[in-house]
Each structure stands twice: as C-alpha cells, then as structure tokens.
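These notes are about the structure you will find just below.
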Protein chains: 2
Amino acid sequence: MATTNIKEVAQLARVSVGTVSNVLNRPEIVSPATRERVFAAIRQLGFVRNEVARHLRVGRSRTVGLVVLDVANPFFADVAQGAEALADEHDTMVVLCNSAASPHRERRHLDQLEQQRVLGILITPVEADNPRLLQLAARGTPVVLVDRAAHGSQCSVSVDDRLGGRLAGNHLIEQGHRRVAFVGGPLSFQQVADRHAGITSAVEAAEGVVLETLSMPALSIAEGRAAGERVAALPPPSRPTAVFCANDLLALGFFQAMTAQGVRVPHDVAIVGYDDIDFAAASAVPLSSVRQPRDLLGRTAIDLLLEEVEEPDRHSHRQVIFQPDLVVRESSLRPGAST
Amino acid sequence: MATTNIKEVAQLARVSVGTVSNVLNRPEIVSPATRERVFAAIRQLGFVRNEVARHLRVGRSRTVGLVVLDVANPFFADVAQGAEALADEHDTMVVLCNSAASPHRERRHLDQLEQQRVLGILITPVEADNPRLLQLAARGTPVVLVDRAAHGSQCSVSVDDRLGGRLAGNHLIEQGHRRVAFVGGPLSFQQVADRHAGITSAVEAAEGVVLETLSMPALSIAEGRAAGERVAALPPPSRPTAVFCANDLLALGFFQAMTAQGVRVPHDVAIVGYDDIDFAAASAVPLSSVRQPRDLLGRTAIDLLLEEVEEPDRHSHRQVIFQPDLVVRESSLRPGAST
DNA sequence: TGATCTTTTTGAATCGTCTTAAGGCCTCAT
DNA sequence: ATGAGGCCTTAAGACGATTCAAAAAGATCA
C-alpha cells in the first residue's frame, strides 16, 4: 500500500530523482557523500525499487519462462534446476509454468508470458510444430525448445531419443529377450515416437524378435500400473519377457503392477525405463534406465536463449543434441547372471 | 522487436488510444462498429497488450509467487498444482520459485517477487520466524505460509505434523515394535521438529519403547540411503525394528539401502514415510505413509491470499490446520500378518 | 581572478497503458 | 429550432523508473 517511490527517496535525501536512479544503477558515478545520503533515505523509508516501472522503461525484463509438461515429473524438476542455476549467474529469474500436457494450458501460459514481455521462453511443447512458437519468435520473444529437436528455424536442446530407444532395445535383445514390449504415451509426443522408433530399429536389426506396443494416454505412474496389469494378465507364453517404458514414471508403475501380481522382475519380465530419475535407482529392484543429461539440458537452453538475446547478430539458431546413456541396473539383467 | 503498441492500433483503426483501451478492457461500452474495427486492427498488427505497462498503471499484477523448499519433491509439485488450479479460476498466474532450502536463494526470490509487486506470496519458509516475511506483509505484499503454522500475525495453511508423527508412532508401537528410529532432517525445519515431537509423544505414552533419532542434513533420497546404510550396518540386536522417516524421499532412500544390504522390509525393519507421494505407493514394497491433503494445501493458500487482497477489510488472518491420515501399506505391517 | 576541464547533479522526456473529465454527435421532446 | 440527455470518443494526465543533454559545482592552472 504505502509503496514509497523514488521521488520520496529523492525528497528525503534532498537530491533529484535522477540521482537516486544513478545511485541504484551506477553508484560509482555518484559522489560518496550523496550516495550515502541516498542509501540512508532508502533504508529509512524501506524503499523497494519497482521492477515493473523499470522494466517498462528499459524495455526488457530479466525473466525467462520455462513451460514444462509436468512439474511433478522429477525429470523436469532437474531440467528446471539446471536452467535456474545458469540463469542465476546472469541475474535472471526463471518462472516455472506447468502445461500439464494440455494445449489449452500451454496456450494460456504462452499468452501470459508474451504479455509480460519476458526475455524469452524455454518450452517442451505439448504438440509438434506449434505455429504459435514461431509466431512468438517472430514477434520478438525468443523461444528455445527443450527436450525436442527443432527444424532449423529455432533453437533447441534435446537428447537423441532414437538412440536412447535403440540402446534400450539392443540391451534387451543382448540379454536374450525375443518378445519385447514398448509401453509409451501418445505417439503424438515426439519423445515417445522417437523412443519407439529407436527400439523398433533395434528390433528390426535383430533376428526373430517381436515388438509389441502399448500406447497409454499419459506418461504417469498410474498409467504404467495400468499397462502392467494388462501385461500381467497375459498367459506367460504370450507375455513379453522384456519391457521398455517411455519414461521412468511408467516404468515404476509397471514395476509396481508386476510386483503386485507376483510377476518377478527381472526374472519373469525385464524392465528398462527412461530419464533415470532418482526414484529409478531408488526402486526396490533398481531400475535400468536411459539417462539424459537433465540439468545440462536446462543450462544449455538458457545459454542459447541468452546468446540470442544478448548478441542477436552473432547468433544463429542451433539444435544441440545430447547423447543418452543406458544405465544398466538389476531390473533388466538376465536372471541367470544374478541368480 | 517490432512490438506494436496500442497507439499503432489506434492509428490503423482511426480511433484514439483511449478507445482501443476501452475495447480491451470494457468492450461493452464501445459501439459494435468501432469495436470491430479495433479488433481487426489488432489482428492485422498482431498486437499483444503490454502487461507490464498495464500493471504499472493499474498498480497490481495478477501474479502470485509460490516459493517452495524443493521443486523436485513431488509433495510440492502437488501443492503447486492445487494452487494453480484455484488461481486459474481467478485469472491469476502462479510462478513457482525454488528456494532449495537455501536461505540465500529464498531471500533472492523474495526480493525479486517484492520488486515485481506480485499480488502476494505463498511460501514454505526455510527458517522459522523469518522477520522478512512480516516486513513484506507490512510493506503491502501479503504472505501466506504453506505447510507451516503461523502465530496469528499472518495467514497459514498447514497440516498437524505432531498428529502425523503420533499416528505413525502409535501404528508402529501397535505393530509390536519396541526399538523405533526417527530419520529426519535438521530439526530447524519446523515440519521435522513437529513430526519428531509427535512420535516422541507416542513413544513416551507407551511402555518400554525406545526411540532413536537420526538427523540428516537434507530430506532427500540420497540422505535416506545414507541413513539406511548406517542402520543396516548395526548388529541386528541393537538395530531398530521400525523406522519413521520425516518424508517419503528419505523413506524411499532408506528402503533402497535396506534392500541393497539384504535387510528385509517389513520383516526385519518396518518403514513409515510422510507425504504419501505417488512414488510411495509405487514402491516395490508399497510404503506406509502419512498423507497430507496436498492440493488442498495449495488451494486453500490461494484462497486465503485472494481473500486478503480482495477484501482487506473483512479479512482477518487465519491459520488453517488440516488433519493428516496414516495410510498403512505393506512396508509397516507386522511380518506375521502377511507371512 | 578568470579560463578551462572535470566531476556531479538536475530536470525533462520517455516507456505503453489506463482513467477521467470533457466534448461531440444524435435523437427526441418541446 | 432548441435544449436535454444518451452514447461514444477524445485528449491529457497519471503510474515509477531510466536516460541524457545540459547546467552547476569543483578543481586546476596560468
């Protein structure tokens, strides 16, 4: 309410508002005596600079928006942490927005962020090729895609999901599995489609391996459980002996269903997840998973964004693609090996 | 760059800027013909209202800050979702800030939020009785404490953590355990201290039960694992037969260490966690946990905040306290019962 | 002491939008 | 034809900070 402004400070310190502003922004050009007087006034009044007015005048904020598919997924929490860490070094704030995989919510967030004239937006889009994203960029809000490769007209930071899928597939095949399942979300998610394509190529390169695909409506623990129940209900001869899940939440849910139904992991069914979230290693049977450099994704995204903002001339859109690793743990080791 | 403003729109539509503003904010008072002309101009230019300027003029934003201890903890993700859901209905945006339990980062976020003149702040403070929070409120930024009870001078939404601790304690004692351990974080976290006080009172009310306390530096999976390794290393006779962890991350880590060391859960050691995050139910041995109404916490916090902002006269600070439930699952059931 | 430089400080303009009082245009009744 | 009363629209003044040209104050030197 009683928001003190720069003018009151100026009055109290018996200087002009311009001087107060200088004290705030370039203290070195103000004489020490004056500077001290102004600081004293600021302290006395409890003055807090109005960032909104400043931003209006200066023309750009020090805030970037990060729109993720699911805040509750630790994968994104880690990406966010990486982004925040680097942003912090550049005196920039990251605001986290949750689209919850809903195009409508995503749209709302993008509108809000554009209206706020944020420095830029990092986003894992719900849908591929959203024209809104190009529009944003065209109107002056740079956009960096996260965890999804762009097609040249924008920056992106992603991980080679096909490779990830292939690594998982090859590993399972090497372990001797011939009936393999892929449990994924909607193939409209690029990540899911790519991981599926990866394991498909691995399966096709091998002899006599069959791949079955379960497409669940979401990438959550609950859906993983549902998929698991379906698989557990199959008679053992027709049941896949190995499952590759499109992310760790699915994998954990799937694993839970297996345990509940008395299907042993990895003895009866091997499982490989994706993302290598902390919970994967912490599972009772530690989960094999394809690891992505999560916080590097976040850091790099911020890096690209700031480069675009700060040196628009020297900047050209780049698509950074990281390589995933397969982390093999007990959940996918051939039963013989450990027993 | 080429940010079009209301003036250009006015020019193109051949009206004054005031009229454009009216079309944007009170379309009903503008004649349909003019209105349509203005809309057409807006579309043609791709005009996006500058929320910053608007905010400066109007004096308050439609954004509230939510500062949490750990974005990677699903508990907070759910609180955030609840808050966002209700905020959404009131056309308000929630920005999520991660203090990562660091007072320094918390301070930075609070400064930023105050400078941005947010509508208000929801926060799970790192330290008890932070005077900064009262200062914020005094200067006009309302604050609601989340997951921590306030002392009358501010609003808060919390869960009765002592009761939660007592529930966990009583349950373990009823299951026949006499050597019980509490695995917590720093007792400077109010939540940890209260949960500890709760189980302590349960233990004191019983005969011949001893409680041992392990205080870890953080409430994470990794620390839970560390605690578990310490406990597993004890000779069985002096090892506690039941463990109550201050949150589910600790519990999951602890459980993992047990499994890794060949200590059976619940046969050798029973475990009860806190928060009942999705991962708890999804653990290989489903984890008993004290459940808090997570998204209700978020919703209620927003509710209190908006009430304070919108009807300052009628508002008086309230401390809402919810009751936790104990969800009993396999991890804490007496071995005899299931074997 | 006055001239010349340098260091500080000032004051007005500006950012983009909202708001309010005032004015313009119509229609209608007198 | 005139004035009243409704609608709409306009124009000008905030909002709070930054910036920059220009003025003021000091410093230096002959």
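As the structure is a computational prediction, the values presented were derived from the model and not from experiment. Here is how names work: the chains are called A, B, and so on, in the same order as the sequence lines, proteins then strands, and each is numbered from 1.
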(request) Using atom CD of A/Q11 as one end and atom C1' of C/dG11 as the other, report the distance to the nearest whole Å. (result) 15 Å

(message) Minimum heavy-atom separation for B/S61 and B/V118, please, with both atom names.
(response) OG-CA, 3.6 Å

(message) On DNA chain D, compare the nucleotides closest to B/S16 and A/L56; which residue's is nearer the 5' end?
(response) B/S16

(request) Please identify each residue that fulfils salt bridge (Lys or Arg N to Asp or Glu O under 4.0 Å) with A/R35, with sequence neighbours left out. (result) none

(request) Evaluate the side-chain proximity of B/V23 to B/V9: yes if any heavy-atom separation is below 4.5 Å, no if none is. (result) no

(message) Test of understanding: with salt bridge (Lys or Arg N to Asp or Glu O under 4.0 Å), list the residues that count as partners of B/E51, not counting sequence neighbours.
(response) none

(request) For each nucleotide in nucleotides 20-26 of chain C, reading 5' to 3', give B when a protein heavy atom comes within less than 4.0 Å of its base, S when such contact involves only the sugar-phosphate, and - otherwise. (result) -------

(request) Using side chain to side chain contact (heavy atoms under 4.5 Å, CB included) as the criterion, list what pairs up with A/Q11, not counting sequence neighbours. (result) none

(message) Applying a 4.0 Å non-hydrogen cut-off, can you work out what A/S31 is touching in the nucleic acid: base, sugar-phosphate, or nothing?
(response) sugar-phosphate

(message) Let me test you: for the helix from C/dT1-D/dA30 to C/dT30-D/dA1, what is the angle between the axes at its two ends (five pairs each), rounded to 10 degrees?
(response) 60°

(request) Could you list where the contact with chain B starts and ends along DNA chain D, reading 5' to 3', using a 4.0 Å heavy-atom cut-off? (result) D/dC8 to D/dG16

(message) Under a 3.5 Å threshold, yes or no: a donor from one side chain and an acceptor from the other, between B/R49 and B/N25?
(response) yes

(message) Whole angstroms only, please: what is the NZ-P distance between B/K7 and C/dT17?
(response) 10 Å

(request) Would you mind listing every salt bridge (Lys or Arg N to Asp or Glu O under 4.0 Å) that reaches into residues 115-133 of chain B, with sequence neighbours excluded? (result) B/D111-B/R132, B/E114-B/R132

(message) Need one value for B/V30: base, sugar-phosphate or nothing, where a base atom within 4.0 Å counts as base even if backbone is also close, heavy atoms only.
(response) sugar-phosphate

(request) For a side-chain hydrogen bond (donor to acceptor under 3.5 Å, both in side chains) with A/R318, tell me which candidate from A/Q154, A/E308, A/E307 qualifies. (result) A/E307

(request) State which residues pass salt bridge (Lys or Arg N to Asp or Glu O under 4.0 Å) with B/R299; sequence neighbours excluded, sorted by chain then number. (result) B/E89

(message) Suppose we screen for side-chain hydrogen bond (donor to acceptor under 3.5 Å, both in side chains). Which residues come up paired with B/E28, at least two apart in sequence or across chains?
(response) none

(request) Give, ordered by number, those residues of residues 33-48 of chain B having at least one heavy-atom distance below 4.0 Å to an atom of DNA chain C; if nothing qualifies, reply none. (result) B/F47

Can you list, pair by pair, the side-chain donor-acceptor contacts under 3.5 Å of residues 66-79 of chain A, counting residues two or more places apart and other chains?
unit_1: A/D70; atom_1: OD1; unit_2: A/A72; atom_2: N; d: 2.9
unit_1: A/N73; atom_1: OD1; unit_2: A/F75; atom_2: N; d: 2.8
unit_1: A/D78; atom_1: OD2; unit_2: A/R294; atom_2: NE; d: 2.6
unit_1: A/D78; atom_1: OD2; unit_2: A/R294; atom_2: NH2; d: 3.2

(request) Quick one: list whatever passes salt bridge (Lys or Arg N to Asp or Glu O under 4.0 Å) with B/R43, sequence neighbours left out. (result) B/E36

(request) Can you tell me the distance, in whole Å, between the NE2 atom of B/H55 and the C1' atom of C/dG16? (result) 14 Å

(request) Could you state the atom-to-atom distance from CZ of B/R57 to C1' of C/dT14 in whole Å? (result) 16 Å

(request) Looking at every strand, decide which applies to B/V20 at a 4.0 Å heavy-atom threshold: base, sugar-phosphate, or nothing. (result) nothing

(message) Between A/D88 and B/R105, does any NZ, NE, NH1 or NH2 come within less than 4.0 Å of an OD or OE carboxylate oxygen?
(response) no

(message) Strictly below 4.0 Å: does B/N50 bring a side-chain N or O up to OP1 or OP2 of C/dT17?
(response) no

(request) State, without any angle test, whether A/T92 and A/R62 hold a side-chain donor-acceptor pair at a distance under 3.5 Å. (result) yes

